[in-house]
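Structure first, commentary second.
Every chain is numbered from 1 and lettered A, B, ... according to where its sequence line falls, protein lines coming before strand lines. The model shown is predicted, which means the values in this text are computed figures rather than measured ones.
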Protein chains: 2
Amino acid sequence: MAKKPYHHGSLRPALLAGAMELLEQKGAPSLSLREAARMAGVSQTAPYRHFAGKEALLAALAARGFEELTRALDEVAATGNAAETLHATGRAYVDFALARPQLFRLMFGPEIRDKSVFPETLEAAQGAYSRLTAAVEAYLASRRIHVKTPRVPAVTAWSLVHGLASLLIDNQITDMEEDGKNRLIDAVTGFFVTGG
Amino acid sequence: MAKKPYHHGSLRPALLAGAMELLEQKGAPSLSLREAARMAGVSQTAPYRHFAGKEALLAALAARGFEELTRALDEVAATGNAAETLHATGRAYVDFALARPQLFRLMFGPEIRDKSVFPETLEAAQGAYSRLTAAVEAYLASRRIHVKTPRVPAVTAWSLVHGLASLLIDNQITDMEEDGKNRLIDAVTGFFVTGG
DNA sequence: ACCTGAACACCGTTCAAGT
DNA sequence: ACCTGAACACCGTTCAAGT
(Lines give C-alpha, C1' and ligand atoms only; values in the text may rest on other atoms or scores of the structure.)
Protein backbone atom coordinates (compact mmCIF):
# COMPACT_ATOMS: atom_id res chain seq x y z
CA MET A 1 0.00 0.00 0.00
CA ALA A 2 1.58 3.27 -1.13
CA LYS A 3 1.04 5.89 1.55
CA LYS A 4 1.09 8.84 -0.87
CA PRO A 5 4.43 10.21 0.19
CA TYR A 6 5.10 13.86 -0.41
CA HIS A 7 7.62 12.98 -3.11
CA HIS A 8 6.44 10.76 -5.93
CA GLY A 9 9.89 9.39 -6.72
CA SER A 10 9.46 8.70 -10.43
CA LEU A 11 6.95 11.27 -11.53
CA ARG A 12 8.40 11.97 -14.95
CA PRO A 13 7.90 8.47 -16.38
CA ALA A 14 4.53 8.24 -14.62
CA LEU A 15 3.38 11.45 -16.30
CA LEU A 16 4.59 10.25 -19.69
CA ALA A 17 2.76 6.95 -19.31
CA GLY A 18 -0.47 8.63 -18.29
CA ALA A 19 -0.18 11.24 -21.03
CA MET A 20 0.47 8.58 -23.68
CA GLU A 21 -2.70 6.80 -22.60
CA LEU A 22 -4.72 10.03 -22.74
CA LEU A 23 -3.21 10.86 -26.12
CA GLU A 24 -4.50 7.73 -27.87
CA GLN A 25 -7.88 8.16 -26.16
CA LYS A 26 -8.56 11.79 -26.96
CA GLY A 27 -5.82 13.35 -29.03
CA ALA A 28 -3.22 15.95 -28.17
CA PRO A 29 -5.49 19.03 -28.07
CA SER A 30 -7.83 17.42 -25.51
CA LEU A 31 -5.00 15.97 -23.46
CA SER A 32 -4.55 18.08 -20.36
CA LEU A 33 -1.56 18.43 -18.12
CA ARG A 34 -3.91 18.53 -15.16
CA GLU A 35 -5.49 15.20 -16.02
CA ALA A 36 -2.07 13.58 -16.49
CA ALA A 37 -1.16 14.89 -13.03
CA ARG A 38 -4.39 13.47 -11.58
CA MET A 39 -3.58 10.07 -13.09
CA ALA A 40 -0.18 10.15 -11.42
CA GLY A 41 -1.79 11.18 -8.12
CA VAL A 42 -0.02 14.51 -7.80
CA SER A 43 -1.12 18.13 -7.73
CA GLN A 44 -1.89 20.09 -10.89
CA THR A 45 1.35 21.99 -10.74
CA ALA A 46 3.71 19.10 -10.05
CA PRO A 47 4.34 18.43 -13.79
CA TYR A 48 6.09 21.79 -14.03
CA ARG A 49 9.00 20.38 -12.01
CA HIS A 50 9.63 17.91 -14.89
CA PHE A 51 8.40 19.63 -18.04
CA ALA A 52 8.61 23.27 -19.08
CA GLY A 53 4.96 23.12 -20.12
CA LYS A 54 2.42 21.14 -22.09
CA GLU A 55 4.36 21.44 -25.34
CA ALA A 56 7.48 19.94 -23.74
CA LEU A 57 5.51 16.93 -22.52
CA LEU A 58 3.98 16.48 -25.98
CA ALA A 59 7.44 16.74 -27.52
CA ALA A 60 8.65 13.92 -25.26
CA LEU A 61 5.70 11.77 -26.39
CA ALA A 62 6.45 12.59 -30.03
CA ALA A 63 10.08 11.53 -29.54
CA ARG A 64 8.89 8.14 -28.31
CA GLY A 65 6.66 7.96 -31.37
CA PHE A 66 9.55 8.58 -33.75
CA GLU A 67 11.59 5.92 -31.98
CA GLU A 68 8.74 3.45 -32.36
CA LEU A 69 8.35 4.33 -36.04
CA THR A 70 12.09 3.90 -36.55
CA ARG A 71 11.95 0.42 -35.01
CA ALA A 72 9.01 -0.48 -37.28
CA LEU A 73 10.95 0.65 -40.35
CA ASP A 74 14.07 -1.20 -39.23
CA GLU A 75 12.07 -4.38 -38.91
CA VAL A 76 11.15 -4.41 -42.59
CA ALA A 77 14.55 -3.21 -43.81
CA ALA A 78 16.44 -5.72 -45.95
CA THR A 79 13.65 -8.30 -46.00
CA GLY A 80 13.88 -8.64 -49.77
CA ASN A 81 15.40 -6.89 -52.74
CA ALA A 82 15.63 -3.12 -52.73
CA ALA A 83 12.28 -2.62 -54.47
CA GLU A 84 10.49 -4.95 -52.07
CA THR A 85 12.15 -3.29 -49.09
CA LEU A 86 11.08 0.16 -50.25
CA HIS A 87 7.52 -1.03 -50.73
CA ALA A 88 7.53 -2.65 -47.28
CA THR A 89 8.96 0.54 -45.76
CA GLY A 90 6.09 2.56 -47.19
CA ARG A 91 3.58 0.01 -46.01
CA ALA A 92 5.09 0.04 -42.50
CA TYR A 93 4.88 3.83 -42.42
CA VAL A 94 1.16 3.76 -43.26
CA ASP A 95 0.54 0.87 -40.86
CA PHE A 96 2.15 2.83 -38.05
CA ALA A 97 -0.15 5.79 -38.71
CA LEU A 98 -3.22 3.53 -38.74
CA ALA A 99 -2.17 1.80 -35.51
CA ARG A 100 -1.38 5.02 -33.62
CA PRO A 101 -3.27 7.82 -35.35
CA GLN A 102 -3.16 10.36 -32.53
CA LEU A 103 0.55 9.81 -31.94
CA PHE A 104 1.20 10.11 -35.69
CA ARG A 105 -0.74 13.39 -35.82
CA LEU A 106 1.20 14.73 -32.85
CA MET A 107 4.55 13.79 -34.41
CA PHE A 108 3.88 15.68 -37.62
CA GLY A 109 1.29 18.23 -36.57
CA PRO A 110 1.50 21.82 -35.38
CA GLU A 111 1.21 21.17 -31.63
CA ILE A 112 5.00 21.04 -31.44
CA ARG A 113 5.84 24.31 -33.08
CA ASP A 114 9.59 23.97 -33.48
CA LYS A 115 11.30 20.62 -33.02
CA SER A 116 14.70 22.28 -32.73
CA VAL A 117 13.62 23.47 -29.29
CA PHE A 118 13.39 19.80 -28.24
CA PRO A 119 16.65 18.13 -29.33
CA GLU A 120 15.48 14.67 -28.29
CA THR A 121 12.44 14.98 -30.54
CA LEU A 122 14.40 16.42 -33.45
CA GLU A 123 16.98 13.65 -33.27
CA ALA A 124 14.33 10.94 -33.12
CA ALA A 125 12.54 12.45 -36.13
CA GLN A 126 15.75 12.54 -38.12
CA GLY A 127 16.37 8.89 -37.25
CA ALA A 128 13.05 7.86 -38.79
CA TYR A 129 13.61 10.05 -41.83
CA SER A 130 17.04 8.51 -42.41
CA ARG A 131 15.46 5.02 -42.68
CA LEU A 132 13.13 6.27 -45.39
CA THR A 133 15.94 7.98 -47.27
CA ALA A 134 18.12 4.90 -47.02
CA ALA A 135 15.38 2.70 -48.51
CA VAL A 136 14.84 5.13 -51.40
CA GLU A 137 18.54 5.46 -52.15
CA ALA A 138 19.10 1.71 -52.04
CA TYR A 139 16.25 1.28 -54.49
CA LEU A 140 17.61 3.90 -56.89
CA ALA A 141 21.08 2.30 -56.71
CA SER A 142 19.62 -1.14 -57.44
CA ARG A 143 18.02 0.24 -60.59
CA ARG A 144 21.23 2.12 -61.43
CA ILE A 145 19.42 5.43 -61.38
CA HIS A 146 21.76 8.32 -60.64
CA VAL A 147 20.27 11.59 -59.44
CA LYS A 148 22.00 14.83 -58.55
CA THR A 149 19.57 15.66 -55.78
CA PRO A 150 18.62 12.51 -53.85
CA ARG A 151 16.33 14.66 -51.79
CA VAL A 152 13.76 14.90 -54.58
CA PRO A 153 12.98 11.17 -54.82
CA ALA A 154 13.16 10.89 -51.04
CA VAL A 155 10.59 13.64 -50.54
CA THR A 156 8.47 12.21 -53.36
CA ALA A 157 8.28 8.81 -51.69
CA TRP A 158 7.73 10.41 -48.30
CA SER A 159 4.93 12.63 -49.64
CA LEU A 160 3.21 9.63 -51.16
CA VAL A 161 3.09 7.55 -47.97
CA HIS A 162 2.61 10.52 -45.66
CA GLY A 163 -0.30 11.79 -47.76
CA LEU A 164 -1.99 8.40 -47.85
CA ALA A 165 -1.51 7.94 -44.11
CA SER A 166 -2.93 11.40 -43.39
CA LEU A 167 -5.95 10.98 -45.65
CA LEU A 168 -6.71 7.59 -44.11
CA ILE A 169 -6.52 8.63 -40.46
CA ASP A 170 -8.40 11.86 -41.15
CA ASN A 171 -11.20 9.81 -42.68
CA GLN A 172 -10.97 11.39 -46.11
CA ILE A 173 -11.10 8.03 -47.86
CA THR A 174 -14.49 6.56 -47.08
CA ASP A 175 -16.97 4.10 -48.54
CA MET A 176 -14.50 1.24 -48.77
CA GLU A 177 -14.51 -2.23 -47.30
CA GLU A 178 -11.47 -3.38 -45.37
CA ASP A 179 -10.34 -5.50 -48.30
CA GLY A 180 -10.48 -2.73 -50.86
CA LYS A 181 -8.69 -0.41 -48.46
CA ASN A 182 -5.84 -2.88 -48.08
CA ARG A 183 -5.44 -3.24 -51.83
CA LEU A 184 -5.52 0.53 -52.12
CA ILE A 185 -2.72 0.89 -49.57
CA ASP A 186 -0.65 -1.70 -51.40
CA ALA A 187 -1.21 0.03 -54.74
CA VAL A 188 -0.38 3.52 -53.49
CA THR A 189 2.67 2.52 -51.44
CA GLY A 190 3.85 0.49 -54.43
CA PHE A 191 3.41 3.29 -56.94
CA PHE A 192 6.90 4.66 -56.43
CA VAL A 193 8.50 1.32 -57.34
CA THR A 194 6.00 0.11 -59.96
CA GLY A 195 6.16 3.46 -61.77
CA GLY A 196 3.51 5.82 -63.14
CA MET B 1 -22.21 55.78 -35.81
CA ALA B 2 -23.72 52.45 -34.97
CA LYS B 3 -25.51 52.74 -31.63
CA LYS B 4 -25.02 49.09 -30.66
CA PRO B 5 -28.62 48.03 -31.08
CA TYR B 6 -29.80 45.01 -29.16
CA HIS B 7 -30.03 43.00 -32.37
CA HIS B 8 -26.93 42.81 -34.51
CA GLY B 9 -28.81 42.22 -37.74
CA SER B 10 -26.21 40.16 -39.61
CA LEU B 11 -24.32 38.39 -36.88
CA ARG B 12 -23.75 35.13 -38.71
CA PRO B 13 -21.60 36.57 -41.52
CA ALA B 14 -19.89 38.89 -39.03
CA LEU B 15 -18.91 35.90 -36.85
CA LEU B 16 -17.63 33.97 -39.87
CA ALA B 17 -15.53 36.92 -41.01
CA GLY B 18 -14.02 37.40 -37.55
CA ALA B 19 -13.42 33.70 -37.09
CA MET B 20 -11.72 33.40 -40.49
CA GLU B 21 -9.37 36.19 -39.49
CA LEU B 22 -8.59 34.52 -36.16
CA LEU B 23 -8.09 31.19 -37.92
CA GLU B 24 -5.26 32.37 -40.15
CA GLN B 25 -3.69 34.22 -37.21
CA LYS B 26 -3.69 31.46 -34.64
CA GLY B 27 -5.13 28.22 -35.98
CA ALA B 28 -8.35 26.40 -35.23
CA PRO B 29 -7.45 25.07 -31.74
CA SER B 30 -6.62 28.56 -30.44
CA LEU B 31 -9.59 30.18 -32.16
CA SER B 32 -12.23 30.86 -29.55
CA LEU B 33 -15.92 31.41 -30.01
CA ARG B 34 -15.77 34.05 -27.31
CA GLU B 35 -13.13 36.06 -29.14
CA ALA B 36 -15.10 35.87 -32.40
CA ALA B 37 -18.10 37.18 -30.46
CA ARG B 38 -16.01 40.01 -29.02
CA MET B 39 -14.87 40.98 -32.53
CA ALA B 40 -18.50 41.18 -33.64
CA GLY B 41 -19.36 43.24 -30.56
CA VAL B 42 -21.84 40.81 -29.06
CA SER B 43 -21.99 38.78 -25.88
CA GLN B 44 -20.15 35.47 -25.47
CA THR B 45 -23.28 33.44 -25.88
CA ALA B 46 -24.74 35.17 -28.93
CA PRO B 47 -22.95 32.83 -31.40
CA TYR B 48 -25.11 29.96 -30.11
CA ARG B 49 -28.16 31.52 -31.86
CA HIS B 50 -26.36 30.93 -35.20
CA PHE B 51 -24.09 27.92 -34.68
CA ALA B 52 -24.66 24.75 -32.69
CA GLY B 53 -21.18 25.10 -31.23
CA LYS B 54 -17.55 25.72 -32.07
CA GLU B 55 -17.33 22.72 -34.38
CA ALA B 56 -20.29 23.98 -36.47
CA LEU B 57 -18.60 27.35 -36.94
CA LEU B 58 -15.34 25.63 -37.93
CA ALA B 59 -17.27 23.43 -40.37
CA ALA B 60 -18.70 26.54 -42.02
CA LEU B 61 -15.18 27.96 -42.38
CA ALA B 62 -13.96 24.67 -43.84
CA ALA B 63 -16.80 24.72 -46.39
CA ARG B 64 -15.62 28.14 -47.56
CA GLY B 65 -12.10 26.73 -47.80
CA PHE B 66 -13.21 23.85 -50.02
CA GLU B 67 -15.08 26.30 -52.24
CA GLU B 68 -11.96 28.42 -52.54
CA LEU B 69 -9.83 25.37 -53.34
CA THR B 70 -12.37 24.27 -55.96
CA ARG B 71 -12.16 27.68 -57.64
CA ALA B 72 -8.36 27.49 -57.63
CA LEU B 73 -8.45 24.05 -59.26
CA ASP B 74 -11.03 25.20 -61.82
CA GLU B 75 -8.77 28.08 -62.78
CA VAL B 76 -5.99 25.76 -63.92
CA ALA B 77 -8.30 23.18 -65.54
CA ALA B 78 -7.89 22.83 -69.29
CA THR B 79 -4.98 25.25 -69.55
CA GLY B 80 -2.98 22.79 -71.62
CA ASN B 81 -2.96 19.14 -72.54
CA ALA B 82 -4.17 16.59 -70.01
CA ALA B 83 -0.71 15.96 -68.55
CA GLU B 84 -0.02 19.67 -68.12
CA THR B 85 -3.44 20.21 -66.58
CA LEU B 86 -2.89 17.41 -64.07
CA HIS B 87 0.50 18.82 -63.12
CA ALA B 88 -1.01 22.31 -62.74
CA THR B 89 -3.84 20.88 -60.63
CA GLY B 90 -1.34 19.34 -58.23
CA ARG B 91 0.66 22.51 -58.10
CA ALA B 92 -2.50 24.55 -57.39
CA TYR B 93 -3.42 22.17 -54.55
CA VAL B 94 -0.01 22.64 -52.89
CA ASP B 95 -0.08 26.40 -53.51
CA PHE B 96 -3.44 26.64 -51.81
CA ALA B 97 -2.07 24.85 -48.73
CA LEU B 98 0.97 27.15 -48.62
CA ALA B 99 -1.20 30.26 -48.98
CA ARG B 100 -3.75 29.25 -46.35
CA PRO B 101 -2.06 26.72 -44.08
CA GLN B 102 -4.43 27.01 -41.11
CA LEU B 103 -7.50 26.76 -43.31
CA PHE B 104 -6.00 23.75 -45.12
CA ARG B 105 -5.30 22.03 -41.80
CA LEU B 106 -8.84 22.70 -40.63
CA MET B 107 -10.35 21.31 -43.86
CA PHE B 108 -8.53 17.99 -43.57
CA GLY B 109 -7.80 17.77 -39.87
CA PRO B 110 -9.59 16.18 -36.93
CA GLU B 111 -11.29 19.34 -35.57
CA ILE B 112 -14.33 18.52 -37.70
CA ARG B 113 -14.96 14.99 -36.59
CA ASP B 114 -17.58 13.89 -39.11
CA LYS B 115 -18.24 15.96 -42.21
CA SER B 116 -21.54 14.16 -42.83
CA VAL B 117 -22.95 16.08 -39.85
CA PHE B 118 -22.35 19.28 -41.85
CA PRO B 119 -23.84 18.74 -45.34
CA GLU B 120 -22.57 22.07 -46.67
CA THR B 121 -19.01 21.11 -45.74
CA LEU B 122 -19.32 17.57 -47.11
CA GLU B 123 -20.68 18.82 -50.41
CA ALA B 124 -17.96 21.45 -50.76
CA ALA B 125 -15.29 18.82 -50.02
CA GLN B 126 -16.71 16.49 -52.64
CA GLY B 127 -16.68 19.33 -55.15
CA ALA B 128 -12.95 19.83 -54.69
CA TYR B 129 -12.26 16.10 -54.83
CA SER B 130 -14.20 15.77 -58.08
CA ARG B 131 -11.88 18.32 -59.75
CA LEU B 132 -8.88 16.23 -58.78
CA THR B 133 -10.49 13.01 -59.98
CA ALA B 134 -11.50 14.63 -63.26
CA ALA B 135 -7.93 15.79 -63.93
CA VAL B 136 -6.54 12.31 -63.20
CA GLU B 137 -9.12 10.55 -65.38
CA ALA B 138 -8.60 12.96 -68.28
CA TYR B 139 -4.86 12.29 -68.05
CA LEU B 140 -5.31 8.52 -68.05
CA ALA B 141 -7.70 8.74 -71.01
CA SER B 142 -5.22 10.90 -72.92
CA ARG B 143 -2.57 8.21 -72.47
CA ARG B 144 -5.13 5.52 -73.32
CA ILE B 145 -4.64 3.86 -69.96
CA HIS B 146 -7.67 1.84 -68.92
CA VAL B 147 -8.06 0.93 -65.26
CA LYS B 148 -10.80 -1.07 -63.57
CA THR B 149 -10.66 1.00 -60.38
CA PRO B 150 -10.14 4.68 -61.23
CA ARG B 151 -10.06 5.35 -57.51
CA VAL B 152 -6.56 3.93 -57.13
CA PRO B 153 -4.80 6.42 -59.43
CA ALA B 154 -6.99 9.21 -58.05
CA VAL B 155 -6.00 8.45 -54.46
CA THR B 156 -2.37 8.00 -55.52
CA ALA B 157 -2.24 11.46 -57.07
CA TRP B 158 -4.14 12.92 -54.14
CA SER B 159 -1.79 11.29 -51.61
CA LEU B 160 1.22 12.69 -53.42
CA VAL B 161 0.08 16.31 -53.41
CA HIS B 162 -1.64 16.11 -50.02
CA GLY B 163 1.46 14.61 -48.43
CA LEU B 164 3.76 17.22 -49.90
CA ALA B 165 1.42 20.02 -48.85
CA SER B 166 1.18 18.63 -45.31
CA LEU B 167 4.91 18.14 -44.90
CA LEU B 168 5.59 21.65 -46.18
CA ILE B 169 3.12 23.49 -43.95
CA ASP B 170 4.08 21.38 -40.93
CA ASN B 171 7.70 22.43 -41.47
CA GLN B 172 9.00 18.93 -42.00
CA ILE B 173 11.00 19.94 -45.05
CA THR B 174 13.61 22.39 -43.84
CA ASP B 175 17.04 23.69 -44.83
CA MET B 176 15.99 24.72 -48.33
CA GLU B 177 16.12 28.05 -50.11
CA GLU B 178 12.97 29.33 -51.75
CA ASP B 179 14.31 28.37 -55.17
CA GLY B 180 15.10 24.77 -54.30
CA LYS B 181 11.73 24.44 -52.60
CA ASN B 182 9.95 25.56 -55.75
CA ARG B 183 11.85 23.06 -57.90
CA LEU B 184 11.05 20.38 -55.33
CA ILE B 185 7.34 21.16 -55.53
CA ASP B 186 7.44 21.02 -59.31
CA ALA B 187 9.26 17.70 -59.27
CA VAL B 188 7.00 16.04 -56.73
CA THR B 189 3.72 17.30 -58.23
CA GLY B 190 5.01 16.24 -61.63
CA PHE B 191 6.03 12.74 -60.54
CA PHE B 192 2.63 11.26 -61.30
CA VAL B 193 2.80 12.38 -64.94
CA THR B 194 6.54 12.02 -65.56
CA GLY B 195 6.52 8.53 -64.08
CA GLY B 196 8.78 6.78 -61.60
C1' DA C 1 -36.55 35.60 -33.15
C1' DC C 2 -32.46 37.12 -31.27
C1' DC C 3 -29.45 38.56 -27.54
C1' DT C 4 -27.56 39.08 -22.49
C1' DG C 5 -25.72 37.75 -17.74
C1' DA C 6 -24.59 34.63 -14.50
C1' DA C 7 -23.01 30.26 -13.71
C1' DC C 8 -20.58 25.55 -14.21
C1' DA C 9 -16.86 22.78 -15.09
C1' DC C 10 -12.96 22.98 -17.08
C1' DC C 11 -8.01 24.71 -18.96
C1' DG C 12 -2.40 26.35 -18.84
C1' DT C 13 0.60 28.78 -16.12
C1' DT C 14 2.69 31.56 -12.14
C1' DC C 15 4.21 32.15 -7.56
C1' DA C 16 4.66 32.00 -2.73
C1' DA C 17 4.80 28.52 0.59
C1' DG C 18 5.50 23.83 2.43
C1' DT C 19 8.62 19.16 3.29
C1' DA D 1 15.20 19.08 -5.02
C1' DC D 2 10.53 18.28 -5.39
C1' DC D 3 5.69 19.15 -4.43
C1' DT D 4 1.24 21.85 -2.91
C1' DG D 5 -2.47 25.56 -2.75
C1' DA D 6 -4.30 29.57 -4.14
C1' DA D 7 -4.78 32.56 -7.78
C1' DC D 8 -5.11 34.63 -12.66
C1' DA D 9 -6.80 34.84 -17.06
C1' DC D 10 -8.81 32.26 -19.98
C1' DC D 11 -12.10 28.43 -22.39
C1' DG D 12 -17.03 25.90 -24.30
C1' DT D 13 -21.54 25.39 -23.07
C1' DT D 14 -26.17 25.80 -20.51
C1' DC D 15 -30.07 28.22 -18.92
C1' DA D 16 -33.09 31.62 -17.15
C1' DA D 17 -34.12 36.20 -18.24
C1' DG D 18 -34.41 40.36 -21.13
C1' DT D 19 -36.03 43.21 -25.77
Practice prompt. When you get a sec, tell me which of C/dC11, D/dC11, C/dC2 is the closest nucleotide to the side chain of A/S32?
Written response: C/dC11
Worksheet item: In whole angstrom, what separates B/L33's CG from C/dT4's P?
Response: 13 Å
Item to complete: Could you check how far CZ of A/R34 sits from C1' of D/dG5, rounded to whole Å?
Response: 11 Å
Worksheet entry | Aromatic contact, A/F66 with A/F104 (centres under 6.0 Å) | no
Practice prompt. Tell me whether the OP1 or OP2 atom of C/dA1 has a side-chain N or O from B/H50 closer than 4.0 Å.
Written response: no
Fill in: Given C/dC3, D/dG12, D/dC3, the nucleotide with the shortest approach to the side chain of A/H8
D/dC3
Worksheet item: Are A/L122 and A/L132 joined in one hydrophobic group, where the rule is that I, L, V, M, F, W and Y side chains link up if heavy atoms are under 4.5 Å apart?
Response: no
Practice prompt. State whether B/R38 places a side-chain N or O below 4.0 Å from either non-bridging phosphate oxygen (OP1 or OP2) of D/dC11.
Written response: yes
Practice prompt. Measure the distance from CD on A/E35 to C1' on C/dA9 and round it to the nearest whole Å.
Written response: 13 Å
Item to complete: Would you jot down, in residue-number order, the residues of residues 39-46 of chain A having a non-hydrogen atom under 4.0 Å from DNA chain C?
Response: A/T45
Discussion item. My understanding is that a pair needs two contacts under 3.5 Å, Watson-Crick or G-U wobble. By that rule, which nucleotide pairs with C/dT14?
Written reply: D/dA6
Discussion item. Check the orientation of B/F192 and A/F191. Use parallel for under 30°, tilted for 30 to 60°, and perpendicular for over 60°.
Written reply: parallel
Worksheet item: Quick one: are B/H162 and A/L164 in side-chain contact, heavy atoms under 4.5 Å?
Response: no
Item to complete: Take B/K54 and A/G9, find for each the nucleotide of DNA chain D with the closest heavy atom, and name the residue whose nucleotide sits nearer the 5' end.
Response: A/G9
Worksheet item: Between B/W158 and B/Y93, does a side chain to side chain donor-acceptor pair (under 3.5 Å) hold up when you go through it step by step?
Response: CA-CA 9 Å; B/W158 192 15; B/Y93 188 97; 2.9 Å; yes
Worksheet, complete the sentence: Taken to the nearest whole Å, CG/A/L58 to P/C/dC11 is 14 Å
Worksheet item: Ignoring hydrogens and geometry, is there a side-chain-to-backbone donor-acceptor pair from B/K115 to B/E120 under 3.5 Å?
Response: no
Worksheet entry | B/Y6, nearest nucleotide to its side chain (from D/dG12, C/dG12, D/dG18) | D/dG18
Fill in: Among D/dT19, C/dC11, D/dA1, the one nearest A/H7 by side-chain distance
D/dA1
Worksheet item: Step by step, would you call A/R131 with A/T89 a side chain to side chain contact (heavy atoms under 4.5 Å, CB included)?
Response: CA-CA 8 Å; A/R131 304 315 197 269; A/T89 300; 5.8 Å; no
Worksheet item: Rounded to whole angstroms, how far apart are CG on A/L11 and C1' on D/dA1?
Response: 13 Å
Worksheet item: Where each residue is assigned the nucleotide of DNA chain C containing its nearest heavy atom, which of A/R49 and A/L31 is assigned the position nearer the 5′ end?
Response: A/L31
Worksheet, complete the sentence: Paired to C/dT19 by Watson-Crick or G-U wobble criteria (both distances under 3.5 Å) is D/dA1
Fill in: Rounded distance (Å) that lies between atom C1' of C/dC2 and atom CG of B/L15
13 Å
Fill in: Separation of D/dT14 P from B/Y48 OH (nearest whole Å)
7 Å
